[in-house]
Asks: 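Supplied in structure tokens, the structure appears directly below.
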Amino acid sequence: MCLDISVKIVIPKGIYFLSTATLDGPCKAPIELQVQGTMKAPTDPGAFKEPKWIAFNRIENFKLSGGGVFDGQGTTAYKREGCKGHDYCGSLPINLRFDFLTNAMIQDITTTDSKQFQANVLGCNNITFEHFTVSAPEESPNTDGIHIGRSDGVNVLNSEIKTGDDCVSIGDGSKNLVINGVTCGPGHGISIGSLGLFKNEEPVDGFTVKNCTMTNTSNGVRIKTWPGAEPGTCSNIHFEDITVTNVSSPVIIDQKYCPWNKCKINEESKVTLSNISFKNIHGTSARPEAVKIICSATLPCENVELADIEITHSGPTRPAVSQCSNVKPKFSGKQNPAACSAPIPARPTPTA
């Protein structure tokens, strides 16, 4: 239970071993948790009864800061059977959960080696991550840096994310999001989705990614939806001023997203995509397919814009290409590779 007065809690420098912890509201008076030390989770995944390590729930006016580290000690979990095969490891704990917060700031905090997502944001309103650092090995499965779902007004600013999955991933029901000044890599890039897998998914509306850098990632900026599953909508999405270095798929809309072949690949996605722009994206691609926009045949993408694309293939084989399916984008500025000039293969290269 929370007091009706502002509270500041300081955890000084040092190493602390913590089993699990939840700061559970409702709390309306300002709370500041200043972590200066290093918090370490149990190494044994079996020590957790729920898929969370540290959680903050139903709090208004919350600040987490101090330069501290939350170490999930997830190395053992990465080797666990099933996770290594990239199955969904939903029973593993998330390092930091932020659930139903209003007016929150997460600043100068590091999360490392989580056994599952590094940070999860659900049902939040007006929450900002600034100078937020994520560190996990490239081979760590399902360790999204920040996963955002059903939240309004989330900002991720001037942060560094190195992980084994999406640096930032956006789930359904998310709106008015800004990602600015993020460096990503290794990882799977900055992704919307996957969408369309579950019933009653809420719309994604209003997402801007700007001034970001992707290095040695499997994807750059991406929207991914499942074929043949459930309906949904995703609109008003803008990617701008993005630098890619040795990125396998720098620009991608994938409405045939089918990891582990667990989908109806011969059916079309039922998620409607509209008002999407890719502007001033430049650098190098690790594969020839630098731009790949694969939309649904039954619900073609609407109002897609490609402007000032300058991506070369960093490998020794053929030059970079741009592939489009079920979309008629608007083009402006430089287009290298030539926009939508290459055919889509019968079986497109799957993405992680």
Side-chain angles (χ1 to χ4, degrees), residues 169-175 177 189-209 219-240 242 249-259 261-281 285 287-309 311 320-333 335-351:
S169 59
I170 309 302
D172 77 293
S174 301
K175 55 186 179 179
L177 313 180
I190 295 176
S191 299
I192 296 176
S194 55
L195 301 176
L197 181 59
F198 301 107
K199 291 183 180 296
N200 302 315
E201 289 188 358
E202 297 180 6
V204 173
D205 186 11
F207 181 44
T208 298
V209 179
N219 304 285
V221 288
R222 170 170 66 155
I223 302 171
K224 50 182 176 175
T225 75
W226 290 80
E230 299 296 327
T233 64
C234 176
S235 57
N236 301 311
I237 312 300
H238 305 292
F239 304 102
E240 187 173 357
I242 309 295
S249 298
V251 175
I252 179 167
I253 294 177
D254 185 4
Q255 294 209 264
K256 288 285 189 180
Y257 179 70
C258 187
N261 293 317
K262 293 182 178 179
C263 73
K264 302 174 182 177
I265 192 63
N266 294 322
E267 297 185 18
E268 298 298 326
S269 176
K270 299 174 185 175
V271 178
T272 300
L273 305 183
S274 62
N275 300 333
I276 300 164
S277 66
F278 301 92
K279 296 181 178 181
N280 190 28
I281 301 178
S285 174
R287 292 178 180 170
E289 299 85 5
V291 178
K292 186 159 54 175
I293 302 179
I294 302 175
C295 297
S296 169
T298 53
L299 293 169
C301 297
E302 299 177 358
N303 193 23
V304 175
E305 181 181 3
L306 295 170
D308 296 308
I309 308 296
I311 303 173
V321 297
S322 172
Q323 301 172 330
C324 301
S325 176
N326 303 311
V327 61
K328 296 179 179 178
K330 297 186 296 183
F331 309 129
S332 63
Q335 296 290 326
N336 182 22
C340 300
S341 59
I344 296 283
R347 297 186 68 86
T349 304
T351 59

Asks: Which value, rounded to the nearest 0.5 Å, describes the distance between Ile281 atom CD1 and Lys279 atom NZ?
Replies: 11.0 Å
Asks: Applying side-chain hydrogen bond (donor to acceptor under 3.5 Å, both in side chains), name anything that partners Ser169, two or more places apart in sequence or on another chain.
Replies: Asp144, His147
Asks: Taking the side chain as C-beta and beyond, is there a heavy-atom pair between Lys330 and Val304 under 4.5 Å?
Replies: no
Asks: Would you please name every residue forming a side-chain hydrogen bond (donor to acceptor under 3.5 Å, both in side chains) with Thr298, sequence neighbours left out?
Replies: Ser296
Asks: With sequence neighbours left out, what residues match Cys234 under disulfide bond (SG atoms under 2.5 Å apart)?
Replies: none
Asks: Please enumerate all residues that pass ring pair (Phe, Tyr, Trp, His ring centres under 6.0 Å) together with Phe207, with sequence neighbours excluded.
Replies: none
Asks: Judged by modelled atom types alone, do Ser277 and His238 share a side-chain donor-acceptor pair under 3.5 Å?
Replies: yes
Asks: What pairs with Lys270 under side chain to side chain contact (heavy atoms under 4.5 Å, CB included), at least two apart in sequence or on another chain?
Replies: Pro231
Asks: Where the side chain of Gln323 meets the backbone of Ile344, is there a donor-acceptor pair that is under 3.5 Å apart?
Replies: no
Asks: Using side-chain heavy atoms (C-beta onward) and a distance below 4.5 Å, is Ile293 in contact with Ile252?
Replies: no
Asks: Report yes if some heavy atom in the side chain of Thr208 is under 4.5 Å from a heavy atom in the side chain of Leu177; otherwise report no.
Replies: no
Asks: Look up atom CD1 in Ile294 and atom CD1 in Ile253, then write down how far apart they are to the nearest 0.5 Å.
Replies: 10.0 Å
Asks: Would you say that Tyr257 contacts Arg222 through its side chain, given a criterion of any heavy-atom pair below 4.5 Å between the two side chains?
Replies: yes
Asks: Are the side chains of Ile309 and Asn336 in touch, meaning some heavy atoms are under 4.5 Å apart?
Replies: no
Asks: Quick one: list whatever passes side-chain hydrogen bond (donor to acceptor under 3.5 Å, both in side chains) with Ser322, sequence neighbours left out.
Replies: none
Asks: Using side-chain hydrogen bond (donor to acceptor under 3.5 Å, both in side chains) as the criterion, list what pairs up with Ser285, not counting sequence neighbours.
Replies: none
Asks: How long is the span from the CD atom in Glu230 to the CG atom in Asp172, to the nearest 0.5 Å?
Replies: 11.5 Å
Asks: Heavy-atom distance under 4.5 Å between the side chains of Ile192 and Ile237, does that happen here?
Replies: yes
Asks: Look at the side chain of Glu305 and the backbone N and O of Ser332, then say whether any donor-acceptor pair between them is shorter than 3.5 Å.
Replies: no
Asks: Any side-chain heavy atom of Ile242 within less than 4.5 Å of one from Val209?
Replies: yes
Asks: What I'd like to find out is whether the side chain of Glu289 reaches to under 4.5 Å of the side chain of Ser249, using heavy atoms alone.
Replies: no
Asks: Judged by atom type as modelled, is there a donor-acceptor pair below 3.5 Å linking the side chain of Ser269 to the main-chain atoms of Val271?
Replies: yes
Asks: Partners of Glu268 by salt bridge (charged side-chain N to carboxylate O under 4.0 Å, His left out), sequence neighbours excluded?
Replies: Lys256
Asks: Under 3.5 Å, which donor-acceptor pairs do the side chains of residues 195-206 form with other protein atoms, sequence neighbours left out?
Replies:
unit_1	atom_1	unit_2	atom_2	d
Glu201	OE1	Gly196	N	2.7
Glu201	OE2	Gly196	N	3.4
Glu201	OE2	Leu197	N	3.3
Glu201	OE2	Phe198	N	3.1
Glu202	OE2	Arg150	NH1	3.0
Asp205	OD1	Ser235	OG	3.4
Asp205	OD1	Asn236	ND2	2.7

Asks: Listed by chain and number, what are the side chain to side chain contact (heavy atoms under 4.5 Å, CB included) partners of Cys340, not counting sequence neighbours?
Replies: Cys324, Pro329, Phe331
